[in-house]
Amino acid sequence: VAFIRYILTMENGTEYIRRVAFHEYPRWKTESEVAVMKYVRLNMNIPVPKIYYWNSSIYNPVGAEYILMERLPGRRLCKSLKKLTFSRIGSIFFDGKSNDQFKIGQVVEIDFFVNGRATLSMDRGPFNTTKEYVLAAIRNQILYCHTFKSQDQQNRLISMYETLCKLVPKYFPDDERNKFVLTHVWITDNPMANITKEESEENLMLQKVHECCTVTQNLSVNLIIWTKTK
């Protein structure tokens, strides 16, 4: 879990969402989440919650990163997001010059940050090819093992990861024609549990966007076992 969600109900019945982030993803999670929502709002004709205020610093009266947004009805939008294509794998951020201009930066995925990984100098992208992405994920696991695992665990796991590295070029060859699509990478999570009221066929709702990133269209993900699908 990367955040705590609060539903704020006003006297007139209007509901808002306040999301307070844990510090596993220092500032990147919040900043990418806000950027993704703005990007989808500008590039797709679907409802996106309005963000009233956000802060990606812990030095504020709340003492944590947070986002205050409206609450809307909605349903999964995974298929709709795939209409947006990109040339690199990573997460969407503002480009630092304007809140209407965007860039693909490092990935913001739990497997690159959780259990002490946030303290390591890992390769988090962005990545030009699927092969780069998968190799980085495996090599990051090797770094994690060297840092946090016992010697017995290292002996068992690292050799397995090194074998996986050798197999990657066979199954993920470089392909400059790759187009990457926007998706939510934690596919096992319940997408309706966070900021939606109920399922509706009329409206789409962006949810858990801090883990939205661009991935190749034929890659099914959830680190560290990656499978190519047809």
Side-chain angles (χ1 to χ4, degrees), residues 2 24-29 31-33 35-36 39 78 81-82 84-96 102-189 208-230:
E24 285 284 359
Y25 308 70
R27 78 179 171 80
W28 298 304
K29 181 195 79 67
E31 292 179 5
S32 183
E33 180 167 354
V36 169
Y39 186 90
C78 299
L81 286 179
K82 290 182 179 179
L84 300 172
T85 59
F86 303 84
S87 61
R88 307 178 81 187
I89 294 175
S91 294
I92 296 175
F93 294 89
F94 295 122
D95 70 354
F102 306 89
K103 66 178 181 181
I104 300 297
Q106 66 174 36
V107 295
V108 183
E109 300 177 35
I110 192 169
D111 298 284
F112 286 81
F113 292 90
V114 75
N115 296 330
R117 290 174 175 84
T119 64
L120 302 178
S121 297
M122 288 185 164
D123 183 2
R124 299 182 175 91
F127 307 101
N128 294 312
T129 65
T130 306
K131 185 175 81 171
E132 287 183 12
Y133 181 37
V134 176
L135 281 173
I138 298 172
R139 289 166 179 160
N140 288 345
Q141 287 297 98
I142 293 175
L143 175 60
Y144 176 77
C145 286
H146 275 304
T147 308
F148 293 105
K149 297 295 184 180
S150 67
Q151 189 61 53
D152 287 344
Q153 290 174 313
Q154 290 183 39
N155 294 338
R156 178 171 55 87
L157 294 172
I158 290 177
S159 61
M160 180 187 69
Y161 288 132
E162 289 175 342
T163 299
L164 282 176
C165 282
K166 294 176 182 178
L167 292 173
V168 168
K170 177 181 178 181
Y171 295 99
F172 300 96
D174 284 326
D175 187 353
E176 295 181 357
R177 297 171 297 174
N178 262 348
K179 285 188 177 180
F180 305 107
V181 295
L182 188 65
T183 191
H184 181 272
V185 297
W186 202 349
I187 58 176
T188 59
D189 198 14
K208 284 201 75 173
V209 291
H210 66 275
E211 285 206 7
C212 278
C213 75
T214 60
V215 299
T216 186
Q217 298 181 63
N218 59 352
L219 184 65
S220 176
V221 300
N222 201 359
L223 209 70
I224 182 74
I225 302 301
W226 307 81
T227 57
K228 200 110 179 237
T229 59
K230 295 183 180 180

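Since the structure is predicted, the reported quantities are computational estimates derived from the model, not experimental observations.
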List the atom of [X], the atom of [Y], and the distance in Å for their closest heavy-atom pair.
X: E132; Y: F127; value: OE1-CA, 3.6 Å
X: V107; Y: Y133; value: CG1-CE1, 4.2 Å
X: F94; Y: K103; value: O-CE, 3.7 Å
X: A118; Y: R124; value: CA-NH2, 3.7 Å

Verify, without hydrogens or angle tests, whether [X] (side chain) and [Y] (backbone) share a donor-acceptor contact under 3.5 angstrom.
X: S32; Y: W28; value: no
X: S91; Y: V108; value: yes
X: N140; Y: D123; value: yes

Euclidean distance, [Y] [atom2] relative to [X] [atom1], rounded to 0.5 Å:
X: Q154; Y: S159; atom1: CD; atom2: OG; answer: 11.0 Å
X: R117; Y: Y144; atom1: CZ; atom2: OH; answer: 4.5 Å
X: L164; Y: Y171; atom1: CG; atom2: OH; answer: 10.5 Å
X: M122; Y: D111; atom1: CE; atom2: CG; answer: 9.5 Å
X: I138; Y: I158; atom1: CD1; atom2: CD1; answer: 13.5 Å
X: L143; Y: F148; atom1: CG; atom2: CZ; answer: 8.5 Å

The criterion is side chain to side chain contact (heavy atoms under 4.5 Å, CB included); which residues satisfy it with S121, sequence neighbours excluded?
none
Between E33 and K29, does any NZ, NE, NH1 or NH2 come within less than 4.0 Å of an OD or OE carboxylate oxygen?
yes
Check: F172 and T129 side chains under 4.5 Å, non-hydrogen atoms
no
Are V181 and L84 close enough that some pair of their side-chain heavy atoms sits under 4.5 Å apart?
no
Looking at residues at least two apart in the chain, or sitting in another chain, which of them share a ring pair (Phe, Tyr, Trp, His ring centres under 6.0 Å) with Y39?
F86, F102
